[in-house]
2 protein chains.
Amino acid sequence: MNLSVAEENYIKAIYKLQEGEQAVTTNALAYELETKPASVTDMAKKLKEKKLISYEKYQGITLSPEGRKTALQVVRRHRLWECFLVDKLSFSWEEVHELAEELEHVRSEKLISRLSDFLGNPVIDPHGDPIPDANGRMAKPRPQTSLDQANARRLVVTAVSDQSSALLAFLNAKSIKLGTQLEIIAHYEFDNSIEIKVKHQPAITISEQVAKNIMVRPL
Amino acid sequence: MNLSVAEENYIKAIYKLQEGEQAVTTNALAYELETKPASVTDMAKKLKEKKLISYEKYQGITLSPEGRKTALQVVRRHRLWECFLVDKLSFSWEEVHELAEELEHVRSEKLISRLSDFLGNPVIDPHGDPIPDANGRMAKPRPQTSLDQANARRLVVTAVSDQSSALLAFLNAKSIKLGTQLEIIAHYEFDNSIEIKVKHQPAITISEQVAKNIMVRPL
DNA sequence: GAAATTATTTAAGTTTGTCTAAATAATAAT
DNA sequence: ATTATTATTTAGACAAACTTAAATAATTTC
């Protein structure tokens, strides 16, 4: 099936929002894609026509098996390009998202399989997210929680869910990146801020906002 | 200035057709872009508005200095991606054109400059065409003629102007590629076909059609 | 459970880049 | 120098992916 860039972006966003299996809401999708709910309704009809989603008026959207396959292809392309940009062109992990967002729409099986080979068939991308293989299979995302909900003391940073460059720049300044080990010193109830310490660095206090967007797993 | 993919393709095509300095014709551009003359007229008005071309009704199109700069950027991106595909992903030179056609529209100065560094700042692409540098400067294409007009006996293949994969496949089968040295054995007047010989290979006869699309320079 | 709020859809219109068909200009042919 | 031919432009329409404004459905609240 030949999809437009817009269609691919919808499919990818639905995949991202669907998570478990609950239906994705028109409004949520509009917000994710920075568009208007009315546009989402329009597109939903088209994607249903193409059998990529199931959609009934007022009932929200879920990917069909076909749609899921498509989504995984796009995710695969995105994450492989991110690897390329970081590993080969020395971009830092916070810069690559927007670029990969464009590169991912070059559709060529052969290109992607060669790119994957060239990169040594990586299985996780620079943000720590798993890369689907050519058949759409991938490691299940490791059990991770956001930093504000972590219950262990010693943690590793596994991903940063917010893709805004403001946050990423902040983390960079504090030399917190993928794989950084940190320790929770204190939890301040009144504003839910968290004091953390990275080895060889002074302790810093992080707002709830920031903590929600840093994904960690217990060390 | 922020151009759409379509606009970039027009600018690139005008650049390609302009060669020396004569104005590009509406029909020629329509043919090159596989679209209709009416569409070209429409787009010409828009590009004139943006000061990328000069255009007067019925007088044809020429790039403005601004337009030329844009064209060279697109050409640079295209040719660098071709290098990447051939050098790093082991594509053969006849496969890369279409892919580069898509990759070239990812606009990021930083991406392109890093890609160029990664490739060792190449100055010619896999088809033998020079790659503009970041300022749009490039080696002038070496003096080359099409094979049907060559007057020397011993020649080197420097480029293949037709980008159709049919021709490229044919050349591949005859193991004629960039840098291949060949010798003209005979010129048959009645159909302008040419008999050539590649070292260690049996002599072959090539139609005028094919000869027109093989660029060579004297050895 | 009726009223208020929020979410979703419909209707109508916009922009970009295309198209066809008809009109007009430029060029070539006799 | 007409006429015929070819090239170019205009006019009107269309598809994709948007938008805003209004209408309708679903959900919450009291």
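In what follows, chains are A, B, ... by sequence order, proteins preceding strands, each numbered from 1.
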Taking the six-membered ring of F91(B) as reference, does the NZ or CZ atom of R114(A) fall below 6.0 Å from its centre and within a 45° cone about the axis?
-> yes
Phosphate-side-chain proximity, Y55(A) and dT8(C), N/O vs OP1/OP2 below 4.0 Å | no
In terms of side-chain geometry, is the basic nitrogen of R107(B) or E8(B) positioned less than 4.0 Å from the acidic oxygen of its partner?
-> yes
Given dC19(C), is OP1 or OP2 found less than 4.0 Å from the side-chain N or O atoms of T35(B)?
-> yes
S39(A) side-chain N/O to dC18(D) phosphate OP1/OP2 under 4.0 Å = no
Hey, does the side chain of T26(A) come within less than 4.0 Å of dT9(C)'s phosphate (OP1/OP2), counting only N and O?
-> yes
Just compare dA21(C), dT8(C), dT18(C) and give me whichever is closest to any side-chain atom of A38(B).
-> dA21(C)
Interatomic distance where NZ belongs to K36(B) and C1' belongs to dA11(D) [whole Å] | 17 Å
Any T25(A) side-chain nitrogen or oxygen under 4.0 Å from OP1 or OP2 of dT8(C) | yes
Does dT8(D) have OP1 or OP2 sitting under 4.0 Å from an N or O in the side chain of N27(B)?
-> yes
Between atom CD in E56(B) and atom C1' in dA7(D), what is the gap in whole Å?
-> 17 Å
Residue closer to the 5' end of DNA chain D, E7(A) versus Y58(A) (nearest nucleotide) = E7(A)
So which one's nearest nucleotide on DNA chain D is more toward 5', V40(A) or K57(A)?
-> V40(A)
Among D42(B), T25(B), N27(B), find the residue that satisfies the side chain to side chain contact (heavy atoms under 4.5 Å, CB included) test when tested with P37(B).
-> N27(B)
Please tell me which of the listed nucleotides, dT9(D), dA7(C), dC19(C), lies nearest to the side chain of D42(B)?
-> dC19(C)
Ring geometry between W81(B) and F84(B) (parallel below 30°, tilted from 30 to 60°, perpendicular above 60°) = perpendicular
K45(B) has an atom NZ; how far is it from atom C1' of dA11(D), in whole Å?
-> 10 Å
